[in-house]
Amino acid sequence: MGILNVTPDSFSDGGRWDRPAAAVARAQAMVAEGATIIDVGGESTRPGADPVSEAEELRRVLPVIEALADALPHVVISVDTTKAAVAEAAIAAGATYVNDVSGLTRDPRMPAVVAAHPHVRCCVMHMQGSPETMQEAPQYADVVDEVCAYLAARIEALVADGITADRIDVDPGIGFGKSVEHNLLLLHHLPRILALGQPVLLGTSRKSTLSRLTGRANPEELVAASVATAVLAYQHGVRAFRVHDVAAHRDALVIAEAIAEAAAPPA
Ligand code: HH2
């Protein structure tokens, strides 16, 4: 999943792709590098980011999604939003994936919007608090237990709301109300998240935990650190990665896959 931020303030690439033509060119480049999903986001979820109105988010993402649906008809278009109206308009414009960092909880209408479109998948992510305040003092008795319990409860609720389980991916929400230690525990214990039985989408790309651990302040210098997390997660069974640097991840994952398959017993 290649990240396409159409926001003026995302932490690593804010404001660079906010005209539809530039956004399409960026998406085309990511697809050429190996992306099969393009995740279009019009509201930054960076810690402390200001909320964006529905009208403004629609103004940012819709022209881009329309242009992408036209230019890249075989690519899955994902909309990174917590607003049901934005998801609904994005689906009408060609999006088939709803990536909601609030786990489809912030807007009470979101589950019904996804349920009403059986060709649409969604990602349910865990977050403690809200982007405005989530990094102030994240607290857990046991972060892995709590994230697993939350995701299990959300899967059950969404299935009850009419979204079949085969349309739901889960994501532990690296960096969303979590300290460096919480993020490391979640990455170490990914098998417990995979044991929920849903495909896992992971977003570690260029995140501040990697910056803290490597001592690199510039997000563009976090490619190797991001790739390391993806390869380790691949070995646990994760198959979807939300990334900025598609080519580097694709190459590393091709090798990880080749090695994993070489180890499989002959059919
Ligand atoms: N992280 C961000 C946004 N959306 N969605 C999922 N499913 N998982 C994630 O980890 C995730 C996400 C971070 O967003 P932001 O701070 O706006 O920066 P960027 O989009 O450049 O990663």
Side-chain angles (χ1 to χ4, degrees), residues 1-18 23 26-27 30 35 37-52 57 60-61 64 76-83 86-87 90 95 97-106 110 114 121-135 138 147 150-151 154 158 167-178 182-183 186-187 190 193 198-211 218-220 222-223 225-226 229-230 233 238-246 249:
M1 173 186 275
I3 300 168
L4 190 62
N5 285 316
V6 288
T7 56
D9 60 350
S10 270
F11 77 89
S12 65
D13 63 353
R16 279 157 68 182
W17 323 116
D18 56 357
R26 173 70 187 143
M30 289 195 286
I37 308 171
I38 298 295
D39 188 42
V40 182
E43 176 171 40
S44 175
T45 48
R46 155 180 76 77
D50 290 330
V52 169
E57 199 178 328
R60 292 179 184 179
V61 301
V64 171
V76 173
I77 301 170
S78 164
V79 62
D80 189 342
T81 188
T82 59
K83 298 185 182 74
V86 174
Y97 195 96
V98 174
N99 178 23
D100 182 340
V101 297
S102 80
L104 287 74
T105 62
R106 188 167 299 161
M110 188 64 108
V114 176
R121 290 184 72 81
C122 62
C123 179
V124 174
M125 200 195 78
H126 173 274
M127 163 164 43
Q128 185 178 82
S130 64
E132 295 88 329
T133 57
M134 65 188 180
Q135 288 308 105
V147 168
Y150 172 85
L151 293 174
R154 289 306 299 143
L158 293 171
R167 296 205 274 141
I168 303 174
D169 296 336
V170 295
D171 183 333
I174 299 300
F176 283 85
K178 283 136 192 142
H182 296 141
N183 292 322
L186 286 166
L187 292 170
L190 278 172
I193 294 164
Q198 303 302 128
V200 172
L201 169 67
L202 190 68
T204 52
S205 184
R206 300 187 181 184
K207 286 206 170 152
S208 68
T209 284
L210 307 182
S211 177
N218 178 355
E220 293 188 0
L222 294 173
V223 183
S226 304
T229 63
V238 177
R239 293 292 180 269
F241 304 89
R242 181 181 180 278
V243 306
H244 302 84
D245 306 287
V246 175
H249 284 83

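Counting convention: from 1, in listed order, for ligands and their atoms alike.
Of all the heavy atoms of Thr45, the ones lying under 4.0 Å from any atom of ligand 1 are found in both the backbone and the side chain. Contacts between Arg206 and ligand 1, counted as non-hydrogen atom pairs separated by less than 4.0 Å, are absent for every part of the residue. Counting heavy atoms closer than 4.0 Å to ligand 1, residue Ser44 contributes atoms from both its backbone and its side chain. Contacts with ligand 1 closer than 4.0 Å are made by side-chain heavy atoms of Ile3 only, the backbone lying farther away. The backbone and the side chain of Arg46 each have at least one atom closer than 4.0 Å to an atom of ligand 1 (non-hydrogen atoms only).
Using 4.0 Å as the threshold, Gly41 has no heavy atom nearer than that to any atom of ligand 1.
Any N or O atom pair closer than 3.5 Å counts here, and Arg242 shares at least one such pair with ligand 1. Checking only distances, Glu43 never comes within under 3.5 Å of ligand 1, N or O to N or O. Checked against a 3.5 angstrom limit, the closest N/O atoms of Ser205 and ligand 1 fall outside it.
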**Item:** Working for side-chain contact (heavy atoms from CB on, under 4.5 Å), residues Cys123 and Tyr97
**Value:** CA-CA 8 Å; Cys123 179; Tyr97 195 96; 3.3 Å; yes
**Request:** Would you sort out whether Phe176 and Lys207 count as a side-chain contact (heavy atoms from CB on, under 4.5 Å), showing the intermediate values?
**Result:** CA-CA 10 Å; Phe176 283 85; Lys207 286 206 170 152; 3.7 Å; yes
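Each of the following atoms of ligand 1 lies closer than 4.0 Å to a heavy atom of Val101: 4 (N), 5 (N), 12 (C). Every atom of ligand 1 is numbered from 1 in the order shown, and the set under 4.0 Å from a heavy atom of Gly203 is 10 (O).
The heavy atom nearest to atom 4 (N) of ligand 1, considering only Leu202, Asp80, Asp39, is found in Asp80.
Between Arg26 atom CZ and Ile3 atom CD1 the span is 9.0 Å, to the nearest 0.5 Å.
No donor-acceptor pair under 3.5 Å is formed between the side chain of Asn5 and the backbone N or O of Thr7.
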